[in-house]
Amino acid sequence: MERPYKQVDVFTSVPYRGNALAVVLDGAGLSEADMLRFANWTNLAETTFILPPTRAGADYRVRIFTTTTELPFAGHPTLGTAHAWLEAGGRSSRPGVVVQECAAGLIEIRTEADPDDDGRRLALKAPPLVRTGPLEDDVLEWALSGLGLVAGDVLGHQWVANGPLWAGLLLRDADAVLALEPDFAALEGLEVGVIGPHTSAGSSAAGYGDERAERPKGARAELEPLPGRPGRDDAGVFQAVVATAPADYEVRAFCPGEGLPEDPVTGSLNAGLAQWLIPAGLVPESYTVRQGTRLGRDGHVQVFTDDGGVWIAGQAVTCIDGTMRTR
């Protein structure tokens, strides 16, 4: 049997720069074992299966799988599934709003023209956190050890679990976030996200000119400073290359044991961080995030508050459109 299938890229309008998601548009009749087997085979951060809704008010139901387990909620699969469903001809019962049913409940997704692009922006209303409060001492030490940090490097910490059990850390700036070299073996079993502010707006990489070709290829190599040259401010050139994307904050998400030890762009983590940091007055009520930089991605997340809730917004684009075969 063949079923309609899409692979979409989320939190980007440019294919292959965000976070990939596999979407099976008709999951009816598949067992949980079938779904998990296929999700394991795709080897993506998440794979979703669309099913008929079972709750009043929902436009469709979705089941979300990593390579090893099912999640009650996840952010980039929520936006990516809504994008795929709409593109495949799905019609919501409320204009401009898609209501998705998942194990965490009903998730509201707004659809609107992106004011900064020609595409469509999707925004999900963050579900309530299921675990909050400061990290326990042993958990904090676990995170610090695995990330190569000491207590003084961390400005704040909190559980921000909303499906995935994210432990959140606030660092002093985006450079500290980008400089992390995690010990994934030491972190296995812990899902930890870090955020730090960009202390300057950054300048366009276009100003670097043809010297960009002299930089070694690869995301990690591109983080190394250029060799010094007489009369040149190479530190400034380095900053221009690294901090090219306009964003208020840099985020990284580490989840060893789930196929990808570092998640490229993470809706659930950004939702949880916002639900912690905004009420605490540590970030503004509206801000932008860049994520995926060290992986060679360029994901962008828009965070804002409205109607008493936190919203996580971004674009999505289809990269593969076809069918998947089941027995």
| request: Not counting sequence neighbours, list each pair that qualifies as a salt bridge (Lys or Arg N to Asp or Glu O under 4.0 Å) and has a residue in residues 59-68. | output: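 Found E32-R63, R63-E70.
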| task | Decide yes or no on side-chain contact (heavy atoms from CB on, under 4.5 Å) for I312 and F11, but give the supporting numbers first. | result | CA-CA 10 Å; I312 303 299; F11 293 119; 4.0 Å; yes
Same apolar cluster (I L V M F W Y, side chains within < 4.5 Å links), [X]/[Y]:
X: V154; Y: W142; value: yes
X: V303; Y: V194; value: no
X: F49; Y: V62; value: no
X: L155; Y: V289; value: yes
X: L170; Y: L273; value: yes

If you take all heavy atoms of [X] and [Y], which pair is closest and at what distance?
X: P264; Y: G18; value: CB-O, 3.8 Å
X: L180; Y: L171; value: CD1-CD1, 4.2 Å
X: A39; Y: T66; value: CB-O, 3.5 Å
X: L187; Y: P182; value: CD1-CB, 3.9 Å
X: A104; Y: F73; value: CB-CB, 3.7 Å
X: P256; Y: F254; value: CD-C, 3.6 Å

To the nearest 0.5 Å, how far apart are [atom1] in [X] and [atom2] in [Y]?
X: Q315; Y: R121; atom1: CD; atom2: CZ; result: 9.0 Å
X: K125; Y: L106; atom1: NZ; atom2: CG; result: 12.0 Å
X: S92; Y: L86; atom1: OG; atom2: CG; result: 6.5 Å
X: L149; Y: E141; atom1: CG; atom2: CD; result: 10.5 Å
X: L122; Y: E112; atom1: CG; atom2: CD; result: 9.0 Å
X: L71; Y: T48; atom1: CG; atom2: OG1; result: 11.5 Å

| field | Residues forming a salt bridge (charged side-chain N to carboxylate O under 4.0 Å, His left out) with R110, sequence neighbours excluded | value |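 Checked R110 against salt bridge (charged side-chain N to carboxylate O under 4.0 Å, His left out); matches are D306, D307.
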Short side-chain to backbone donor-acceptor contact, [X] and [Y], under 3.5 Å:
X: T266; Y: S268; answer: no
X: R252; Y: V177; answer: yes
X: D9; Y: Y16; answer: yes
X: R290; Y: E250; answer: no
X: D34; Y: S31; answer: yes
X: E191; Y: L165; answer: yes
X: N43; Y: T67; answer: no
X: T47; Y: A22; answer: no
X: D248; Y: T288; answer: yes

Will you find, in the side chains of [X] and [Y], an N or O donor that is under 3.5 Å from an N or O acceptor?
X: Y60; Y: E101; value: no
X: T318; Y: E87; value: yes
X: E136; Y: W159; value: yes

| task | Given side-chain contact (heavy atoms from CB on, under 4.5 Å), test W311 with E108 step by step and report yes or no. | result | CA-CA 10 Å; W311 295 80; E108 183 177 336; 3.7 Å; yes
| said: Set out, in order, the CA-CA distance, both residues' side-chain angles and the distance that settles side-chain contact (heavy atoms from CB on, under 4.5 Å) for V14 and D298, then state yes or no. | reply: CA-CA 9 Å; V14 181; D298 189 24; over 6 Å; no
| said: Quick test of your reading: applying side chain to side chain donor-acceptor pair (under 3.5 Å), list the pairs with at least one residue in residues 146-158, sequence neighbours left out, ordered by first then second residue. | reply: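 Non-adjacent pairs meeting side chain to side chain donor-acceptor pair (under 3.5 Å): zero.
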| Residue pairs involving residues 269-287 (criterion side chain to side chain donor-acceptor pair (under 3.5 Å); sequence neighbours excluded) |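 Output for this query lists N270-Q291.
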Got [X] and [Y] here, is their nearest side-chain heavy-atom distance under 4.5 Å?
X: I107; Y: C102; answer: yes
X: P4; Y: D26; answer: yes
X: L135; Y: L169; answer: yes
X: R17; Y: R297; answer: no
X: I109; Y: W85; answer: no
X: K6; Y: H83; answer: no

| field | Qualifying residues under side-chain contact (heavy atoms from CB on, under 4.5 Å), relative to A45, sequence neighbours excluded | value |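 Partners of A45 under the side-chain contact (heavy atoms from CB on, under 4.5 Å) test: N19, H76, L260, D263.
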| query | Can you list every pair that meets ring pair (Phe, Tyr, Trp, His ring centres under 6.0 Å) and has a residue in residues 19-42, with sequence neighbours left out? | reply |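 Output for this query lists Y5-F38, F38-W41.
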| task | Kindly indicate, with the supporting measurements, whether the criterion side-chain contact (heavy atoms from CB on, under 4.5 Å) is fulfilled by V10 and V265. | result | CA-CA 8 Å; V10 187; V265 201; over 6 Å; no
| So, are R294 and E262 salt-bridged, with charged N and O less than 4.0 Å apart? |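 Salt bridge flag = no for E262 with R294.
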